[in-house]
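Side chains are part of it too, since the values below use all heavy atoms of this structure and drop only hydrogens, waters and symmetry mates. Every chain is numbered from 1 and lettered A, B, ... according to where its sequence line falls, protein lines coming before strand lines.
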Amino acid sequence: MAFEILSIAFMFIGAIFLLAGSIGLIRLKDTYSRLHALTKADVLGFGFIVLSCILSTDLLSHWIKLLLVWLLVISYSALVGYALANRKKRYA
Amino acid sequence: MMDFVYGLLLFLLMLNLLLGLVRVFRGPELVDSMMASLLLGTGGTALLLAFFKITKEAYYINLALGFALLAGVVGVAFAIIILGKSKDGI
Amino acid sequence: MLWQTGKKDMLDLALGLMLFISALLSLHSKDTMKSGVFFIIFGFLSGLIWVRLEAPDVALVEIILGSAITGLLIFKLVKGSKQKDLKAFTFTRLWAGFISFLILIFMLFHLTTIERQDRIASLVFENLHKSGVDSAVNAVLLNFRGYDTLLEVGVITLAIFGLLSLGLKREAYYWDNPLLKGFSRLSLPFIVFFSLYITYLGTFSVGGAFQGGALLAGGLVLFALAGQALPLKASIIYIFTMAGLGVFSLIGLLYALLGYGFLTYPLELSTISIMIIELSIWISTAFLLYTAYSGKL
Amino acid sequence: MIWFYYILAILLVIISLYHFIVARNYVKRLIALNILGSGVFLFFITTAKNTNTESPDPVPHALVLTGIVVAVSATAIAVSLILHLNKEEE
């Protein structure tokens, strides 16, 4: 029961972090700062959501796959942020 | 009680997607639109994981994994194909 | 029954409304690049809608193929074509509006005649133990309606060979960056493993050969975007692209010669034959879609 | 909830058909064709859900799966034809 409450709390924290990222995407004035807000909030918020899912299952295969999802999301977030900023600065 | 909590959670995640859609619509430049669609990719993955938490069906994790992978590939491809210059030959 | 709504349907309403808005924006926007971006968002949202409609197999295929691979193709098209968006003729608009209105009336009329009934679903679930796989969609796809899938593999193979026969020299877009190179090299083995896993899952759960192959094609495209050529000879890629059609029709013919009938598997051999067919479709889908993106063998 | 998906499918088919006829840019015409296909698939999947059995009918799911793959191969060949046409016009 304690794990369940903790898991739901983690998911709420994650959702609020993701929401903070998207509010930053709406409110900030400049493309680069918007990119910054988006990629930073994704990492932490998504991490909390994955943590919540890990707490709610007890299969090893699910844990591995969930960790892989998190790893993929953060590495792609970094890579795409870098690629978009670099290309925009050079060509656009 | 549980229904209300999960409803609030899904509402927050949907709000996330909706705000992304607003930025895609308003985005003055193309890069902003693509960024917001990236946000939709992450938000969609988060929504799938929330479904996994609610229903405990294992296939949602595979869906989330595929979603995350391909959203990233599309983002990188956008940056290289649309924003970059074209050259001949690999 | 048909017109009931509840509190849980708010999610469906919101997703559907967002889907409709993204489709509308994709069709209405003046800039073709922007309409490509909106099309990708449309694909993601429709994937979520298939999940809501209890069709996870279709969701996986829509996210991977219908949204991502189509999106990559449309990016290439948008960058390559410089055609301006001209205004349509008034006569065409009137005509199109008339046709659309007629179809709207016809479909709304059809909507009033729809009723809830048992379809062939119960037949599929009754015979599922004879098919050799536990997943109902894959049982239909590879055993009960094997002809359809054989022709489908034939259609993609023919489409790619038609594309190659145009002999167009396509421009290759790449970015010579050490980070991207390292990442694509590191992630490729993982993507190969994961796509094989998805293919294997097709025998008992959500997954299948087309989904796995399309995932691998995404990984190969990422590999090519970093400016690297595949470490395979053209002849090997050619064999890979033809493997699906070849193995599928060979196995069908083999069973026909043994007296079971074309594409009718005996019960004890059905699982292994379906696995071999899935493996061959996996490899050929991956390389066919990669060829569709790169435009050359 | 079934009625909402039926109406959504009909609306998608209608607007994309209109734009498919009206658009004079081939890129937008291709996108309209893809959205038209998605509307038809939505109609099929909703019909699959509208049964008395517990889980949805797998036969329309298999049909839609085939349809998506065929739509992608049609898109691939259309893309290369349009690129070819642009080269001819130059």
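- If you tally non-hydrogen atom pairs under 4.5 Å between each of C:L166, C:D12, C:L108 and chain D, the highest count goes to C:D12.
- For the options C:T92, C:V61, C:L24, heavy-atom pairs under 4.5 Å to chain D are most numerous at C:V61.
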> Given the rule in the salt bridge (charged side-chain N to carboxylate O under 4.0 Å, His left out) test, do C:D31 and C:K34 qualify, once you have shown the distances and angles that lead to the verdict?
Replying inline: CA-CA 5 Å; C:D31 189 1; C:K34 218 161 199 178; over 6 Å; no

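- Using a distance-only test at 3.5 Å, with no hydrogens or angles considered, no donor-acceptor pair links the side chain of C:T241 to the main chain of C:S284.
- Both the backbone and the side chain of C:H28 come within contact range of chain D, with heavy atoms under 4.5 Å apart.
- With a 4.5 Å cut-off on non-hydrogen atoms, D:L8 touches chain C through its side chain but not through its backbone.
- When heavy atoms are compared at a cutoff of 4.5 Å, C:V137 approaches chain D by way of both its backbone and its side chain.
- For chain C, the nearby parts of D:L65 are the backbone and the side chain; heavy atoms of each come within less than 4.5 Å.
- Only the side chain of D:H19 has a heavy atom closer than 4.5 Å to any heavy atom of chain C.
- Residues C:L142 and C:V133 are not in side-chain contact: their nearest non-hydrogen atoms beyond the backbone lie 4.5 Å or more apart.
- At a 4.5 Å heavy-atom cutoff, C:L158 makes no contact with chain D through either its backbone or its side chain.
- If you measure heavy-atom distances from D:F43 to chain C, the contacts under 4.5 Å come from the side chain alone.
- With C:R145 contributing its side chain and C:V140 its backbone, the two residues share no donor-acceptor pair below 3.5 Å.
- A distance-only check finds no donor-acceptor pair linking the side chain of C:K76 to the backbone of D:S80 [under 3.5 Å].
- The two atoms that bring C:Q211 and C:D57 nearest to each other are NE2-O, 3.7 Å, heavy atoms only.
- Taking CZ from C:F101 and OH from D:Y18, the interatomic distance works out to 14.0 Å, rounded to the nearest 0.5 Å.
- If you measure heavy-atom distances from C:F125 to chain D, the contacts under 4.5 Å come from the side chain alone.
- Proximity of a side-chain donor or acceptor of C:N138 to a complementary backbone N or O of C:G207 within less than 3.5 Å is detected.
- When the candidates D:I10, D:L17, D:V64 are compared by the number of heavy-atom contacts under 4.5 Å with chain C, D:I10 comes out ahead.
- Ranked by heavy-atom pairs under 4.5 Å with chain C, the first of D:T75, D:L12, D:L11, D:V69 is D:V69.
- Both the backbone and the side chain of D:V22 come within contact range of chain C, each with at least one heavy atom under 4.5 Å from a heavy atom of that chain.
- Between chain D and the residues C:F38, C:W95, C:F144, C:F89, the largest count of heavy-atom pairs under 4.5 Å involves C:F89.
- With respect to chain D, the highest number of heavy-atom pairs below 4.5 Å among C:A96, C:A23, C:G80 belongs to C:A96.
- Using a 4.5 Å cut-off between heavy atoms, D:Y5 touches chain C through its side chain atoms alone.
- Counting heavy-atom pairs closer than 4.5 Å to chain D, the top-ranked of the candidates C:L17, C:V58, C:T149, C:V155 is C:V58.
- In this pair, C:F39 and C:F42 present their aromatic rings parallel. The plane angle is below 30°, not in the 30 to 60° band.
- A donor-acceptor pair is defined here as one N or O able to donate and one able to accept, closer than 3.5 Å; such a pair exists between the side chain of C:N127 and the backbone of C:L123.
- Using a 4.5 Å cut-off between heavy atoms, D:L85 makes no contact with chain C at all.
- In this structure a side-chain-to-backbone donor-acceptor pair under 3.5 Å is missing from D:K49 to D:I2.
- A donor-acceptor pair is defined here as one N or O able to donate and one able to accept, closer than 3.5 Å; no such pair exists between the side chain of C:T70 and the backbone of C:S67.
- Residue D:A71 does not touch chain C at all, counting heavy-atom pairs closer than 4.5 Å.
- Of all the listed residues (C:L60, C:L65, C:D148), the one sharing the greatest number of non-hydrogen pairs under 4.5 Å with chain D is C:L65.
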